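Just so you know, these numbers come straight off a predicted model, no measurement behind them. Any value given below was found using the heavy atoms of this structure, including those in side chains, with hydrogens, waters and symmetry copies removed.
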Amino acid sequence: MFAGSAACLVVTLCITIGIGTSFAGAGGVNTAGFGLGDSVVSEDASQTEALGVASDTGVRESSQLANSAQRDITKGIEAIEAKEEADRIAAEEAARAEEEARIAAAAEKQAEQVATNPPAIDLSEVDFSVGKEAFIEEWTARIDAYLAGSPLAGQGVTFATAAWDNGVDPRWSPAISNTESSKGAVCFLPYNAWGWGSSSFSSWEEAINTHVAGLASVYGHTITYSAAQKYCPPNYDHWFSSTLSEMQRI
């Protein structure tokens, strides 16, 4: 009877041990499985964090590049604007210096004319000291009024500008055009309204500029009796009185 009890005890222990072992094995497997899952989750989080850091870094770098590019463009624009401003100032100074030189040259020609060969016409109206813009504006209007209805109509600005550029009386060339060709109505050569040698021209502008420059270089600042003798030797007395009368009308 003891032996049977012992056998039952052994069987019971074996069953208990087997069941315990089974549960222990199952628990181990589950524990290992949960451990792997935690590792995967941890790795995914690390990768997400790394991607986030990389994304932030890329945004910052792009922003820095954009800011740098903007700064570079701004500097370029500022440099261009500074150069344009410097060029504008230089051009204004050059124009001012040229204007002052023209005024001084015209005043010198007038003084020389008065001292050596007194003009036959009052020069007080021909004031170069007012400056280029005012001078051309005044004489354009006056000459246009004088030439109205003639082939030379509308050329007042050409005469006035040429007079300014050459420092001569702006009334002189328009008046000669009346004496020689009735203000361009009877030209012996194309666009030659002044009986000017044997020259022909391609336009009134070319002709006017050439004639006014010729007056300045050969005949002086304004009309004189000696200039009439040189310009029209065969009939200088009539030429002088006619031209002077027309100048006084402008």
Smallest separation among heavy atoms of [X] and [Y], with atom names:
X      : Y      : value
Pro119 : Thr222 : CB-CG2, 3.4 Å
Trp204 : Pro151 : NE1-O, 3.4 Å
Pro174 : Ile143 : CG-CG2, 4.0 Å
Ala160 : Thr140 : CB-OG1, 3.7 Å
Leu189 : Ser200 : CB-CB, 4.1 Å
Leu244 : Ala120 : CD1-O, 3.8 Å

Say you draw a straight line from [atom1] of [X] to [atom2] of [Y]; how long is it, rounded to the nearest 0.5 Å?
X      : Y      : atom1 : atom2 : value
Arg96  : Glu93  : CZ    : CD    : 6.0 Å
Leu123 : Ile223 : CG    : CD1   : 11.5 Å
Phe188 : Trp196 : CZ    : CH2   : 11.0 Å
Met247 : Ser173 : CE    : OG    : 10.0 Å
Glu205 : Thr158 : CD    : OG1   : 5.0 Å
Leu152 : Cys187 : CG    : SG    : 7.0 Å

Please check this pair: side chain of [X] against backbone of [Y], looking for a donor-acceptor N/O pair closer than 3.5 Å.
X      : Y      : answer
Gln113 : Asn117 : yes
Lys109 : Ala216 : no
Ser181 : Ser177 : yes

Counting only heavy atoms from other residues, nucleotides and ligands, does the tally under 6.0 Å from [atom1] of [X] exceed 12?
X      : atom1 : value
Gln248 : CD    : yes
Glu133 : CD    : no
Tyr236 : OH    : no

Taking the side chain as everything from C-beta on, heavy atoms only, tell me whether [X] gets closer than 4.5 Å to [Y].
X      : Y      : answer
Phe159 : Trp172 : no
Val126 : Pro170 : yes
Arg171 : Tyr146 : no
Glu180 : Trp239 : yes
His221 : Val114 : no
Arg102 : Glu99  : no
Tyr219 : Thr224 : no

Assess the residue pair Glu92 and Arg88 against the criterion (salt bridge (Lys or Arg N to Asp or Glu O under 4.0 Å)); give the C-alpha distance rounded to whole Å, side-chain angles, the decisive distance to 0.1 Å, and a yes or no. CA-CA 6 Å; Glu92 287 181 354; Arg88 182 188 66 78; 2.6 Å; yes
Between Glu206 and Ser203: side-chain donor-acceptor atoms closer than 3.5 Å: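 No donor-acceptor contact under 3.5 Å links the two side chains.
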Ignoring hydrogens and angles, state whether a donor on the side chain of Thr179 or Thr243 is under 3.5 Å from an acceptor on the partner side chain.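 Per modelled atom types, Thr179 and Thr243 side chains form a pair under 3.5 Å.
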Would you call the rings of Phe135 and Trp164 parallel, tilted or perpendicular if under 30° counts as parallel and over 60° as perpendicular?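 Ring orientation, 0 to 90° scale: tilted.
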Taking it one step at a time, do Thr161 and Trp139 satisfy side-chain contact (heavy atoms from CB on, under 4.5 Å)? CA-CA 9 Å; Thr161 303; Trp139 289 103; over 6 Å; no
Please determine which of Ile208, Thr210, Leu215, Asn178 meets the side chain to side chain contact (heavy atoms under 4.5 Å, CB included) test together with Trp194.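 Checked Ile208, Thr210, Leu215, Asn178 against Trp194; only one passes side chain to side chain contact (heavy atoms under 4.5 Å, CB included): Ile208.
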Test of understanding: clusters of I, L, V, M, F, W, Y form through side-chain heavy atoms closer than 4.5 Å, transitively. Do Phe240 and Val218 belong to the same one?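 Yes.
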Answer with yes or no whether the hydrophobic clustering places Val130 together with Val168; edges join I, L, V, M, F, W, Y residues whose side-chain heavy atoms lie under 4.5 Å apart.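 Looking at the clustering, Val168 is in the same group as Val130.
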How far apart are the C-alpha atoms of His211 and Ile176, what are their side-chain angles, what is the distance that settles it, and do they pass the side-chain contact (heavy atoms from CB on, under 4.5 Å) test? CA-CA 10 Å; His211 184 252; Ile176 295 174; 3.9 Å; yes
